[in-house]
Protein chains: 2
Amino acid sequence: MKEFLRTKGFKMTPQREMIFRSFFELGEHVSVDELYDKVRSLDHSIGYSTVWRNLKLICKVGLAEEVNLGDGITRYDRVTKIPHGHLFCLTCKKLEEFPVDQLVGVLAETAGERDFTPESFKIEIKGICKDCLNKSEEEIESEEDNV
Amino acid sequence: MKEFLRTKGFKMTPQREMIFRSFFELGEHVSVDELYDKVRSLDHSIGYSTVWRNLKLICKVGLAEEVNLGDGITRYDRVTKIPHGHLFCLTCKKLEEFPVDQLVGVLAETAGERDFTPESFKIEIKGICKDCLNKSEEEIESEEDNV
DNA sequence: TTGAAATTGAAAGTCGATTTCATTTAGAAA
DNA sequence: TTTCTAAATGAAATCGACTTTCAATTTCAA
């Protein structure tokens, strides 16, 4: 990783090492605050802006990309070879993924038909996940009991 | 429109009348600032927060919905019967639309398979539009001329 | 006509994202 | 190894879009 960054003109530091490592350990859809909390638990002296800047750097060197779901929080998603869509639960804010390879093919065609050069695709479904749906049904049942 | 709002418990005012009318005249993907500018040109005394609140109201009564493209600006899109995706040009920020009826069908299936109850679908392609691509090609050509 | 509730405009507040700045550090060059 | 310059850091300030507050005004049902 040190070499990888060096070839792009960046230096390695202990903070950067820790931030990069923590980001990849946390997995998918990491927010600045989540990463900051994790890194802070390892090194209390690390600054918020350092975490933020390094998250941006991870994107700049192509290892992650921003995910924006309209809830005011920017999340960072590791770039993998496999394109995927998001299922975003409006109740518990959980994010699930699903494969979209064939859909992306259709979208690329659509773009091509309009002389549009695509750089990225975003496919999102917002709604209620199974768990939250079950919970709200239980609530309704208990309300009925109270009548 | 006055009656429509009344049935939902809202009152009509001259400002509201003007804001609603202007929103629908502006067409698709309207930002608060765009609408504020337009309304201001008609009535200089109208406040920003009034425009903002009425844009929210238009959403609340189901006539528009928020569109979030990750550039920090919330846009408001008139609700039509026809579902559509967005082509967002990263260079000129222009937003084009394309039909997605069959894609949405596929997505609804996908959600169903995961016991996820969908409320809305978002399909976006970010990239470079035809016009901007032509411009950047021209720039490259003129750079070559300079060699 | 009247009064409660909704609406308005200006200003202040919120909050995540981003920048500033003085200091420290990495690592290439001597 | 030492030196030096650009990069990186941490704290704090700033930005900017969005949202709320509050006193005054207006709507419209009774």
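Numbers restart at 1 for each chain; the letters A, B, ... are given by sequence-line order, proteins then strands.
- We find that CG of A/Leu55 is positioned 11 Å from P of C/dT18, with the value rounded to whole Å.
- A/Asp43 comes within 4.0 angstrom of no nucleic acid atom, judged by non-hydrogen atoms across all strands.
- Among pairs with a residue in residues 93-114 of chain A, those fulfilling salt bridge (charged side-chain N to carboxylate O under 4.0 Å, His left out) read A/Lys94-A/Asp131, at least two apart in sequence or across chains.
- A side-chain donor from one of B/Asp43 and B/Ser45 sits under 3.5 Å from a side-chain acceptor of the other.
- Salt bridge absent: A/Arg75 and A/Glu28 never bring a charged side-chain N and a carboxylate O closer than 4.0 Å.
- Side chain of A/Arg6 to main chain of A/Lys11: no donor-acceptor pair is present (N/O by atom type, distance under 3.5 Å, no hydrogens or angles).
- Toward the 5′ end of DNA chain C lies the nearest nucleotide of B/Gly9, the other residue of the pair B/Gly9 and B/Thr50 mapping further downstream.
- Between A/Asn54 and D/dT9 there is a side-chain polar atom (N or O) within less than 4.0 angstrom of OP1 or OP2.
- Look at B/Arg21 and B/Glu17 and you find a salt bridge, because one of the NZ, NE, NH1 or NH2 atoms lies within 4.0 Å of a carboxylate O, short of that distance.
- Remark: C1' of D/dT26 and CD of B/Glu17 are 15 Å apart, rounded to the nearest angstrom.
- Within 4.0 Å (heavy atoms only), B/Asp33 reaches no atom of the nucleic acid at all.
- Between the P atom of C/dC15 and the OH atom of A/Tyr48 lies a distance of 13 Å, rounded to the nearest Å.
- A/Lys126 places a side-chain N or O within 3.5 Å of a backbone atom of A/Leu69 that can act as its donor or acceptor partner.
- Using a 4.0 Å cut-off between charged nitrogen and carboxylate oxygen, B/Lys56 and B/Glu66 count as a salt-bridge pair.
- Atom P of nucleotide D/dA12 and atom CD1 of A/Ile46 are separated by 17 Å, given to the nearest angstrom.
- Between A/Lys38 and A/Glu34 there is no salt bridge, since no side-chain N of the basic residue sits under 4.0 Å from a carboxylate O of the acidic one.
- Between A/Leu35 atom CG and C/dG16 atom C1' there is a gap of 15 Å when expressed in whole angstrom units.
- B/Asn68 meets the side-chain hydrogen bond (donor to acceptor under 3.5 Å, both in side chains) test with no other residue; sequence neighbours excluded.
- Put simply, B/Gln15 has a side-chain N or O that comes within less than 4.0 Å of OP1 or OP2 on C/dG9.
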Please tabulate, one pair per line, each protein N/O and nucleotide N/O from nucleotides 19-23 of chain C that are separated by under 3.5 Å, including the distance.
{"residue": "C/dT20", "atom": "O4", "partner": "A/Arg53", "partner atom": "NH1", "Å": "3.1"}

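- Without hydrogens or angle criteria, A/Ser22 side chain to A/Ile19 main chain gives no donor-acceptor distance under 3.5 Å.
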Check your understanding: Base, backbone or nothing for each nucleotide of nucleotides 24-30 of chain C, written B, S, -, heavy atoms under 4.0 angstrom, 5' to 3'?
Key -> --BSS--
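- Under the side-chain hydrogen bond (donor to acceptor under 3.5 Å, both in side chains) criterion, A/Asp37 pairs with no residue, sequence neighbours left out.
- Rounded to an integer number of Å, the gap from CG of A/Leu5 to C1' of D/dA8 is 12 Å.
- Residues A/Met12 and A/Leu55 are members of one and the same hydrophobic cluster, defined by side-chain heavy-atom contacts under 4.5 angstrom among Ile, Leu, Val, Met, Phe, Trp and Tyr.
- Look at CZ on B/Arg40: it is 11 Å from C1' on C/dA10, rounded to the nearest Å.
- Near DNA chain C, meaning a heavy atom under 4.0 Å from it, residues 56-75 of chain B has no residue at all.
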